[in-house]
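Quick notes on the structure that follows.
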Amino acid sequence: ELLEDIEKEVLNQTFQNLKALDMETADTNTKQHLYSFVILGSLSFIIDWINRDFNVLANKLAGIIYHTCQQVVPSWDYT
């Protein structure tokens, strides 16, 4: 449980810092890092889900991934 608390705190701090970024003025390098973060983070969610024997419904996981990506970079069009 301590590891989960640490993981949650790291994610929380990461989101706080990402929200402070202005995507309109971010340089190309920063945007590329954010794209990588979103893609690799999404894949990590899926891998963790598989490793936990599909412990939540697929549509719920999709919603979690979508809303997490929206928090990271809300100005992107994900549709």
Side-chain angles (χ1 to χ4, degrees):
E1 187 170 313
L2 177 61
L3 184 59
E4 287 180 12
D5 290 342
I6 292 170
E7 186 177 77
K8 287 177 187 176
E9 183 59 27
V10 168
L11 284 173
N12 185 38
Q13 290 299 318
T14 300
F15 287 141
Q16 297 285 335
N17 291 328
L18 288 169
K19 285 180 182 181
L21 287 174
D22 180 3
M23 287 304 293
E24 300 297 322
T25 60
D27 60 57
T28 302
N29 194 39
T30 299
K31 288 180 182 179
Q32 288 175 341
H33 286 297
L34 287 173
Y35 285 123
S36 294
F37 180 82
V38 167
I39 298 300
L40 295 174
S42 297
L43 289 174
S44 181
F45 270 119
I46 294 167
I47 290 167
D48 187 56
W49 176 64
I50 292 167
N51 288 335
R52 293 175 187 245
D53 295 323
F54 310 95
N55 60 340
V56 296
L57 295 174
N59 63 342
K60 183 174 181 179
L61 178 71
I64 291 168
I65 292 171
Y66 177 81
H67 291 295
T68 301
C69 291
Q70 283 291 95
Q71 283 193 334
V72 173
V73 190
S75 62
W76 288 353
D77 181 9
Y78 291 92
T79 59

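Just so you know, these numbers come straight off a predicted model, no measurement behind them. Side chains included, hydrogens not; waters and symmetry mates left out as well; all remaining heavy atoms used.
Once rounded to the nearest 0.5 Å, the distance linking SG of C69 with CD1 of I39 reads 7.5 Å. Atom OH of Y66 sits about 15.0 Å away from atom CG of L61, to the nearest 0.5 Å. Between the CD1 atom of I64 and the OG atom of S42 there is a distance of 11.5 Å, given to the nearest 0.5 Å.
In this view, D48 and R52 satisfy the side-chain hydrogen bond (donor to acceptor under 3.5 Å, both in side chains) rule, not counting sequence neighbours. T68 is linked by a side-chain hydrogen bond (donor to acceptor under 3.5 Å, both in side chains) to nothing, counting only residues two or more places apart in sequence or in another chain.
By the criterion of side-chain heavy atoms lying less than 4.5 angstrom apart, applied directly or through intervening Ile, Leu, Val, Met, Phe, Trp or Tyr residues, F54 is grouped together with F45 in one hydrophobic cluster.
Of all the heavy atoms in N55 and W49, the pair that sits closest is OD1-CD1, 3.7 Å.
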